[in-house]
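Numbered from 1 within each chain, the chains take letters A, B, ... in sequence-line order.
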There are 2 protein chains.
Amino acid sequence: MDEQPRASQTVRTLLQLRELILNGELSPGERVSELGIVERLGVSRTPVRVALVRLEEEGLVDCLPTGGFVVRAFSEADIADAIQLRGVLEGMAAQRAAERRLSRDELRGLRDVVGSLDALVRQRDLTIDDFSDYIRLNDQFHGLLLQLADSPVLKRSMERVLSLPFASPGAFVRVQAELPESREILVIAQEHHRAILDAIENGEGSRADHLAREHSRLARRNLDISVKNQRQLDRVPGASLIRLRSA
Amino acid sequence: MDEQPRASQTVRTLLQLRELILNGELSPGERVSELGIVERLGVSRTPVRVALVRLEEEGLVDCLPTGGFVVRAFSEADIADAIQLRGVLEGMAAQRAAERRLSRDELRGLRDVVGSLDALVRQRDLTIDDFSDYIRLNDQFHGLLLQLADSPVLKRSMERVLSLPFASPGAFVRVQAELPESREILVIAQEHHRAILDAIENGEGSRADHLAREHSRLARRNLDISVKNQRQLDRVPGASLIRLRSA
DNA sequence: GATCGGGAAAATGTATACATTGCTCAACGG
DNA sequence: CCGTTGAGCAATGTATACATTTTCCCGATC
């Protein structure tokens, strides 16, 4: 990965530790030993401790009552809830954006992204790169939506939900790419994007809200599909943190 | 305040530092010096540092790019957004509770609280103690609602929003108590509580959602009233963190 | 054989010393 | 007189030593 020699030990430790957890090098339920991390990352206990506190607030590790931390495990229900919650928050963002009666100028960014997505989805055969582009543009769409809501409080809350990697808008796109009906799902998702933009342009707050919520149900559907196939589930970011009942 | 000699230094420091900020002994925009806190609380820098990191995640202090922390200030818009966000999250909780088709048994707690609130609101003249009881029962109602939603992810998200003290359900009740129409507002709020319970009992998810959102608008209305009167605003918990444009 | 207890090892909680960075203020030069 | 620069200082970032707690293992006992 890209080194950040300028960054402080604390920041580097946080990033590296987060990656260790997300890449599954630390298993769910496993105690995260401070000394162990110290040896692995070559920093002192102090930055490790700060990073662990931050990761606990993020929800990636849990605080043991006796002291210390363990890597958190997430059930299918947890992921479904996180996706639903993201949908609700994006609904609030879309509704606020719609009710602010934004000017053409303010909406240009969102229109451009929707336009780019249109061009992408219109293609017949989609390559792996196309899906990467889709994920990037999709993330941009959701980011712009949040920005247009103009609410730091909402932004902060959303950022916390998205710190669970499988709750992010693009989390299940790579799974979806493997499905025979993958292009159809993209067409539907893009129709949602267009409709949300239309609702915002016309000041239709409630419609924007409901569309954003419905949009998140696509991710939920992809989750349901993934659960039936471990290989697909492994394509999801942070897959190692997922613990299914059956497993 | 109540001492907790059993708790660790870290926990005590977190609680005490949070109180210092909420009571206004540290002003918004003021830099929180580690050494200063060390002297004030008589602990070493380590627990202070951990407490500051946690308070930063809570949103009560901001991280300076250059290092260190400052007490955060909240605008009227921030508070309004936090109240709206709470309404949206409570809407999701109510909807989930409704769609789970809870048994009579599971709903007993909520019914009891609504019953107690009914008895309280039915009174002619309300004393200060009555308002305290109302706040307690009201908090119970909102807590039970969250519990019935059965979603740890949602619970965590809500807890973070409520860490902004003026976003809590009871934050503006003391303000409202001073208004001539205070009892009428209580009657309306209680009608909301009854209706939310009814919607949950009947599995009407969308109705429960909309009612919970509408319910939070009462807090928003009380905020608008408070903003016009500094003395009333001072009754709100964490009042010292509020910075109005005019001031 | 299982359970309880004790003790050693290892982990975290806490304090503090050291390093480094950013800030203040004064003095100098333009 | 103002701007700039440098040194000193104060604050945070980092490392580590010490204290306390927890855990785990082993042996003794029932």
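- One N or O on the side chain of Ser163(A) and one on the backbone of Arg160(A) form a donor-acceptor pair closer than 3.5 Å.
- Looking at Leu145(B) and Ile200(B), their side chains come closer than 4.5 Å, going by heavy atoms from C-beta outward.
- For dT14(C), the OP1/OP2 oxygens have no side-chain nitrogen or oxygen of Thr46(B) closer than 4.0 Å.
- Computed from coordinates, the Leu35(B) CG to dA15(C) C1' distance equals 13 Å when rounded to whole Å.
- Rounded to an integer number of Å, the gap from CD of Glu39(B) to P of dA15(C) is 15 Å.
- When heavy atoms are screened at a 4.0 angstrom cut-off, Val32(B) is found touching the sugar-phosphate backbone but no base atom.
- Here the nucleotide nearest the side chain of Thr10(A), chosen from dT14(D), dA11(C), dT14(C), is dT14(D).
- For dA10(D), the OP1/OP2 oxygens have no side-chain nitrogen or oxygen of Ser33(B) closer than 4.0 Å.
- In this entry the distance linking CD of Glu34(A) with C1' of dT21(D) reads 14 Å, nearest Å.
- Comparing Arg45(A) and Arg31(A) along DNA chain D, the residue whose closest nucleotide (by nearest heavy atom) sits nearer the 5' end is Arg45(A).
- Listed nucleotides dT14(D), dA15(C), dT12(D) differ in distance to Ser8(A); the shortest reach to its side chain belongs to dT14(D).
- Atom CD1 in Ile37(A) sits roughly 12 Å away from atom P in dA11(C) (whole-Å rounding).
- A salt bridge (Lys or Arg N to Asp or Glu O under 4.0 Å) with Asp224(B) is found for exactly one of Arg221(B), Arg220(B), Lys228(B), namely Arg220(B).
- Computed from coordinates, the Leu64(B) CG to dC23(C) C1' distance equals 13 Å when rounded to whole Å.
- Distances shown here put a side-chain N or O of Gln9(A) below 4.0 Å from the OP1 or OP2 atom of dA15(D).
- For Thr66(A) and dT21(D), the shortest distance from a side-chain N or O to OP1 or OP2 is not below 4.0 Å.
- Proximity of a side-chain donor or acceptor of Arg213(A) to a complementary backbone N or O of Gly91(A) within less than 3.5 Å is not detected.
- Only one option out of Val236(A), Leu218(A), Ile225(A) pairs with Phe172(A) in a side-chain contact (heavy atoms from CB on, under 4.5 Å); it is Val236(A).
- Rounded to whole Å, atom C1' of dA11(C) lies 15 Å from atom CD of Glu30(A).
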